[in-house]
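Here is the structure we will look at.
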Amino acid sequence: MSSTMDLPLSVTAEEDRPGPVLLSRPSRQTAPLVFASPHSGRFYPPEFLAESRLDPLSVRRSEDSFVEELFGAAPEHGAPLLAATFPRVYCDANREAWELDPAMFDGPLPPWVNTASPRVGAGLGTVARIVASGEPVYRHRLSFPVVEARIQRCWHPYHAALSRLIAETKAQFGCCLVIDCHSMPTHPMHGQSAPDMVLGDAHGTACAPRAVRLVEETLGSLGYRVKRNDPYAGGYVTRHYGRPRERVHVLQIELARGLYMNEATIERLPAMARLREDLTLLIARLAGADWSLLRG
């Protein structure tokens, strides 16, 4: 999966552009699990780079870099792995389809666009106004038809693929557990150690507590500092798809980037190999668990 995702930030011919998603399926799905990475995409269209005011490194600050590699063993353990190829700063699949900031556009937006969400206010809507470091992305205002085409080309195929995987898994196993895979900046905490990982279940509403406990205990036994819902309780994917009463559960996992990458240069560290091994142990434990409780 990584060769396509490692395309450099340079002009690439139209015919060489990857599709919006990469889907790695097991030869046979043997567990009611789906792994998904909406923010690890790192193909930057040349027309986007031309309209961005950021240098190639700064424009990547919002990436969940290499996360799809860290969870790459999922298909070997009987679970599909879905990854976006488009970057979060270009189109954010962990938002509603139409969370847009009207100040970014050269004309009025349609009345059905959500312009008032907290994420829009923070500059991090479906099409972001800023990168994670707070720097503005664009040189000029955008055209809504161009952004509309971008969302149709990126957001919709990602969610169509995820919805299809959930439906297939639920039909086969009677339930589905989605692990929504992310990374987070490594921030020091006031008066306490920063967590290595944060589990988000929308404060207990998106995932069965026993599933969250299994993940928490497994990661804790491997030596990681794990917190729940603070500061990340889950985004659109967690809250939209996590419907335990309909036997669909979603748990967001945030990994501190300092565990596996140089956050300044966006380069893999040797420690990435150990983290991938530990996450593979987590995947194996989840794949071998009895998930009949999720059907209840």
- [ ] Check the pair His140, Glu51 against side chain to side chain contact (heavy atoms under 4.5 Å, CB included), reporting the backbone distance first and the verdict last.
- [x] CA-CA 7 Å; His140 51 72; Glu51 62 188 5; 3.7 Å; yes
Nearest heavy-atom neighbours spanning [X] and [Y]:
X      : Y      : value
Arg60  : Ser65  : NH2-OG, 4.5 Å
Ala93  : Val237 : O-CG2, 4.1 Å
Ser40  : Ala83  : OG-CB, 4.4 Å
Ala31  : Ala287 : CB-O, 3.9 Å
Ala233 : Thr238 : O-CG2, 4.2 Å

[X] side-chain N/O to [Y] backbone N/O, donor-acceptor pair under 3.5 Å:
X      : Y      : value
Asn262 : Glu267 : no
Thr85  : Gly19  : yes
Ser52  : Val137 : yes
Arg243 : His240 : yes
Ser163 : Ala160 : no
Gln172 : Gln29  : yes
Arg225 : Ala194 : yes
Ser62  : Ala132 : yes
Thr169 : Pro32  : no
Arg88  : His39  : no

Test of understanding: clusters of I, L, V, M, F, W, Y form through side-chain heavy atoms closer than 4.5 Å, transitively. Do [X] and [Y] belong to the same one?
X      : Y      : answer
Val250 : Leu82  : yes
Val127 : Tyr44  : yes
Val198 : Val215 : no
Leu142 : Ile151 : yes
Met104 : Leu124 : no

Are [X] and [Y] close enough for a salt bridge, meaning some N to O gap below 4.0 Å?
X      : Y      : value
Arg257 : Glu63  : no
Arg61  : Glu135 : no
Glu99  : Arg119 : yes

- [ ] Check ring-ring contact (aromatic ring centres under 6.0 Å, His included) between Tyr224 and all other residues, then give those that pass, not counting sequence neighbours.
- [x]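 Listed in chain order: nothing, the list is empty.
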Rounded to the nearest 0.5 Å, what separation is found between the [atom1] atom of [X] and the [atom2] atom of [Y]?
X      : Y      : atom1 : atom2 : value
Tyr232 : Ile253 : OH    : CD1   : 15.0 Å
Phe35  : Leu165 : CZ    : CG    : 12.5 Å
Gln252 : Asn229 : CD    : CG    : 9.0 Å
Leu100 : Thr115 : CG    : OG1   : 9.0 Å
Arg42  : Ile266 : CZ    : CD1   : 10.0 Å
Glu216 : Leu251 : CD    : CG    : 9.5 Å

TODO: May I ask you to check if Arg276 and Tyr260 form a cation-pi contact, with NZ or CZ under 6.0 angstrom from the six-membered ring centre and within 45° of the axis?
DONE: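 Not flagged: Arg276 not positioned over aromatic ring of Tyr260.
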So do [Y] and [X] actually touch side chain to side chain, heavy atoms under 4.5 Å?
X      : Y      : value
Arg239 : Thr205 : no
Leu33  : Trp291 : yes
Val67  : His182 : no
Thr126 : Cys91  : yes
Val131 : Ser58  : no
Leu255 : Phe71  : yes
Tyr90  : Pro45  : yes
Leu282 : Leu219 : yes

Task: Tyr236 and His159 aromatic centres sub-6.0 Å - done: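 Ring centroids of Tyr236 and His159 are less than 6.0 Å from each other.
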Task: Sole candidate of Met197, Lys227, Met184 that passes side chain to side chain contact (heavy atoms under 4.5 Å, CB included) when paired with Glu254 - done: Met184
TODO: Please name all residues satisfying side chain to side chain donor-acceptor pair (under 3.5 Å) with Glu277, sequence neighbours left out, ordered by chain then number.
DONE: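 Side chain to side chain donor-acceptor pair (under 3.5 Å) check on Glu277 returns nothing, list empty.
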Open item on the list: If you count heavy atoms of other groups shown closer than 6.0 angstrom to CZ of Arg210, is the number above 12?
Closed with: no
TODO: Give the C-alpha distance, both sets of side-chain angles, the deciding distance and a yes or no for side chain to side chain contact (heavy atoms under 4.5 Å, CB included) between Asp180 and Asn94.
DONE: CA-CA 10 Å; Asp180 198 40; Asn94 201 25; 4.2 Å; yes
- [ ] Please check if any side-chain donor atom of Glu263 sits under 3.5 Å from a side-chain acceptor atom of Thr186, or the reverse.
- [x] yes
